[in-house]
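Start at 1 and go down the list; that is how both ligands and their atoms are numbered.
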Amino acid sequence: MGFNVGIIGCGSITRFRHAPEYMANPHVDEIVFYDRNIERSQRLAEEFGGRVAEKLEDLLSDPTIVAISDCSSNEAHHINTTKALLSGKHVLCEKPLATTVEQAEKIIEAEQQSGKKLMLDHNQRFTNAHQKAKEIIDNKELGEVLTFKTTFGHEGPESWGVTKSNATWFFKKDRSHSGVAGDLGIHKIDLIHYLLNDEITEVHAFHGALDKVNEKGEPIEVCDNVVSALKTKKGRLGTASFSWTYYGKEDNSTTIYCQEGVMKIYHDPDAQLIIEKRDGSVIKYELEQIQTNDNQTSTGVIDAFIDCIVHDKKPPVTGQEAIASLRVIEEILAN
Ligand SMILES: NC(=O)c1ccc[n+]([C@@H]2O[C@H](COP(=O)([O-])OP(=O)(O)OC[C@H]3O[C@@H](n4cnc5c(N)ncnc54)[C@H](O)[C@@H]3O)[C@@H](O)[C@H]2O)c1
């Protein structure tokens, strides 16, 4: 027998990922959509089937709803996710968990108090190329990781978010808080922590609003670019760049330099993982394209979330791990 799920926030991430992936999951009977802009929840209920909750309280008090996705904008996560947990729902929260580490820690307190599961949508971990890279690192097939280089950039969120304009909340300090750092950067920080089984503890960074303008034509209040040099607890060194001004194809690439060779991930569209060994041999893995704004494939995140509820397992991306990544983003912005 299945159960119902609720979604808070009915914008782009709900439309392209959460709603279709819940619909495809055999344990989910019905989706109940809530957005403070009711036209958006009505539109998605029509598109995917399902019901609309007119008020957040209706969603939270509905006993048929076992789990909730919090897909509201960043500044609302700590309110919505906390309320959902304390209402007895399991929560899949979009990244970043909160706009500050302090708020994120309060969410963890609510998780502990509720006894419910909290998972974060750090979907990069779930792609085939990243999974394969993790396996190679864990098995020490290329020896120890020494250094890394990662980037994530595209042309910016104004063409992605549901408002489709420069008035987007992604550009507002009081709503996004961290600009491209918390939007794209946090994905790669989480990925590096996950792949290397390590944690970034030292940060040197530059960030700036180089090109994006708001609806009045003024420079945006948050950063549209970050370049950073990073050091991990285990002493690995790396660089990371995040951008909303890569005005060509999206760049989602990572390179991991190990004692016995190099791993190139998402550099080549035909071979998503390339291993160049120290002895000169090269292995090319054809795995899959990563999800991009223009190419939405299943992330596997919803299935993993439902699976940890159904089988009472620890979520594969925890609140504590989300805080570790958020802390790095705070340090980047403090530079
Ligand atoms: N995991 C990923 O790869 C990924 C990708 C894109 C966005 N996101 C995250 O998903 C979240 C939503 O982003 P989006 O791209 O869908 O934005 P969006 O602007 O397209 O949609 C956000 C929706 O949330 C609604 N909303 C905002 N605050 C609310 C509140 N307090 N109560 C009810 N509804 C509220 C808005 O009305 C809007 O419809 C953000 O936190 C973003 O960082 C994650």
Side-chain angles (χ1 to χ4, degrees), residues 6-21 32-45 52-60 68-84 91-99 103-104 107 119-127 130 152 154 156-172 174-191 222 242 244 250 252 290-302 304-305 317 322 325-326 329:
I7 301 182
I8 303 172
C10 298
S12 295
I13 198 66
T14 296
R15 178 153 187 250
F16 292 115
R17 300 204 191 138
H18 291 250
E21 293 185 28
V32 185
F33 294 95
Y34 168 72
D35 195 294
R36 62 183 176 189
N37 178 337
I38 196 164
E39 282 168 21
R40 292 182 184 160
S41 38
Q42 285 166 339
R43 205 179 312 145
L44 292 197
V52 169
E54 290 193 10
K55 290 190 291 220
L56 179 60
E57 286 61 38
D58 298 342
L59 191 80
L60 300 181
I68 284 183
S69 274
D70 183 357
C71 299
S72 55
S73 42
N74 299 355
E75 86 289 2
H77 293 174
H78 75 284
I79 300 167
N80 292 330
T81 289
T82 302
K83 279 189 184 172
V91 179
L92 173 62
C93 182
E94 267 304 339
K95 41 52 62 173
L97 176 54
T99 53
Q103 283 178 350
I107 298 177
M119 177 170 157
L120 267 290
D121 188 1
H122 283 300
N123 51 299
Q124 295 248 336
R125 293 188 186 199
F126 295 82
T127 74
H130 289 148
F152 192 0
H154 56 49
E158 64 273 40
S159 54
W160 155 267
V162 69
T163 46
K164 302 273 178 291
S165 87
N166 287 35
T168 176
W169 65 267
F170 282 96
F171 288 171
K172 309 286 183 212
D174 60 344
R175 299 195 58 197
S176 129
H177 194 80
S178 49
V180 72
D183 182 34
L184 305 185
I186 201 159
H187 277 300
K188 291 300 184 193
I189 300 298
D190 176 74
L191 180 71
V222 291
F242 314 122
W244 279 339
E250 179 168 317
N252 219 315
I290 196 165
Q291 304 85 33
T292 66
N293 286 357
D294 302 327
N295 172 37
Q296 296 294 334
T297 54
S298 176
T299 61
V301 170
I302 300 294
F305 176 52
V317 188
S325 303
L326 190 57
I329 296 302

**Report entry** Modelled atom types, side-chain donor and acceptor of Arg175 and Ser73, under 3.5 Å
**Finding:** yes
Query raised in the report: Is any side-chain heavy atom of Arg15 closer than 4.5 Å to a side-chain heavy atom of Cys71?
Result: no
**Report entry** Closest non-hydrogen atom pair between Glu21 and Ser298, with its separation
**Finding:** OE2-CA, 3.5 Å
**Report entry** atom 21 (O) of ligand 1 [closest protein heavy-atom partner, distance rounded to 0.1 Å]
**Finding:** Gly11 CA, 3.2 Å
Requested in this report: Indicate yes or no for a side-chain donor-acceptor contact from Lys172 to the backbone of Val222 under 3.5 Å, with no hydrogens or angles considered.
Outcome: no
Query - Residue and atom name of the nearest protein heavy atom (relative to atom 41 (O) of ligand 1), distance in Å to one decimal - result: Asn74 OD1, 2.7 Å
**Report entry** Protein residue, atom and distance nearest to atom 13 (O) of ligand 1, heavy-atom basis
**Finding:** Trp169 CZ2, 3.7 Å
Requested in this report: Considering the heavy atoms of His187, write down every atom of ligand 1 situated less than 4.0 Å from one of them.
Outcome: 1 (N), 2 (C), 3 (O)
**Report entry** Residue selection (non-hydrogen contact nearest atom 20 (O) of ligand 1) among Asn123, Leu184, Val162, Asp183
**Finding:** Val162
**Report entry** Among Thr81, Asp121, Ile79, Ile7, the one residue meeting side-chain contact (heavy atoms from CB on, under 4.5 Å) with Asp70
**Finding:** Thr81
Report task. Would you mind running through ligand 1 and noting each atom that sits below 4.0 Å from a heavy atom of Ala76? Result -> 31 (N)
**Report entry** Heavy-atom side-chain proximity of Gln124 to Asn252 below 4.5 angstrom
**Finding:** yes
Requested in this report: Indicate yes or no: at least one non-hydrogen side-chain atom of Trp169 is less than 4.5 angstrom from one of Thr163.
Outcome: no
**Report entry** N/O donor-acceptor pair under 3.5 Å between His77 side chain and Glu94 backbone
**Finding:** yes
Query - Nearest neighbour in protein (non-hydrogen) for atom 12 (C) of ligand 1 - result: Cys71 O, 3.3 Å
**Report entry** Any Asn80 heavy atom less than 4.0 Å from ligand 1
**Finding:** yes
Report summary line: closest protein heavy atom to atom 43 (O) of ligand 1 is Lys95 O, 2.9 Å
Report summary line: Nearest heavy atom to atom 38 (C) of ligand 1, choosing from Arg40, Arg43, Glu39, belongs to Arg40
Requested in this report: Check whether any heavy atom of Gln124 sits under 4.0 Å from an atom of ligand 1.
Outcome: no
Query raised in the report: Can you tell me which residue and heavy atom of the protein come closest to atom 15 (O) of ligand 1, and the distance to 0.1 Å?
Result: Trp160 NE1, 2.6 Å
Query raised in the report: Identify the closest protein heavy atom to atom 24 (O) of ligand 1: which residue and atom is it, and at what distance?
Result: Gly9 CA, 3.5 Å
What donor-acceptor contacts under 3.5 angstrom involve side-chain atoms of residues 36-45, with partners at least two apart or in another chain?
from  : atom 1 : to    : atom 2 : distance (Å)
Asn37 : OD1    : Glu39 : N      : 3.3
Ser41 : OG     : Ile38 : O      : 2.9

Report task. Pick one of side chain, backbone, both or neither for how Leu56 approaches ligand 1, counting any non-hydrogen atom pair under 4.0 Å. Result -> neither
Query - Nearest heavy-atom neighbours spanning Ser325 and Ile186 - result: CB-CG1, 3.8 Å
Requested in this report: For ligand 1, indicate whether the residue Ser73 contacts it via side chain, backbone, both or neither (heavy-atom separation under 4.0 Å).
Outcome: both
Query raised in the report: What atoms in ligand 1 come closer than 4.0 Å to a heavy atom of Gly161?
Result: 20 (O)
Query raised in the report: Side-chain contact, heavy-atom cut-off 4.5 Å: Ile68 with Tyr34?
Result: no
Query - atom 8 (N) of ligand 1 [closest protein heavy-atom partner, distance rounded to 0.1 Å] - result: Glu94 OE1, 3.7 Å
Report task. Please could you name the atoms of ligand 1 that Asp121 approaches to less than 4.0 Å, counting only its heavy atoms? Result -> 1 (N)
Query raised in the report: Taking both backbone and side-chain atoms of Ile13, is any N or O found less than 3.5 Å from an N or O belonging to ligand 1?
Result: yes
**Report entry** Heavy-atom check, side chain of Phe126 versus side chain of Val301, under 4.5 Å
**Finding:** yes
Report summary line: Among Arg17, Arg36, His122, the residue with a heavy atom nearest to atom 3 (O) of ligand 1 is Arg17
Query - Any donor-acceptor N/O pair, His78 side chain to Ala98 backbone, under 3.5 Å - result: no
Query - Test item, His77 contacting ligand 1 (heavy atom, 4.0 angstrom) - result: yes
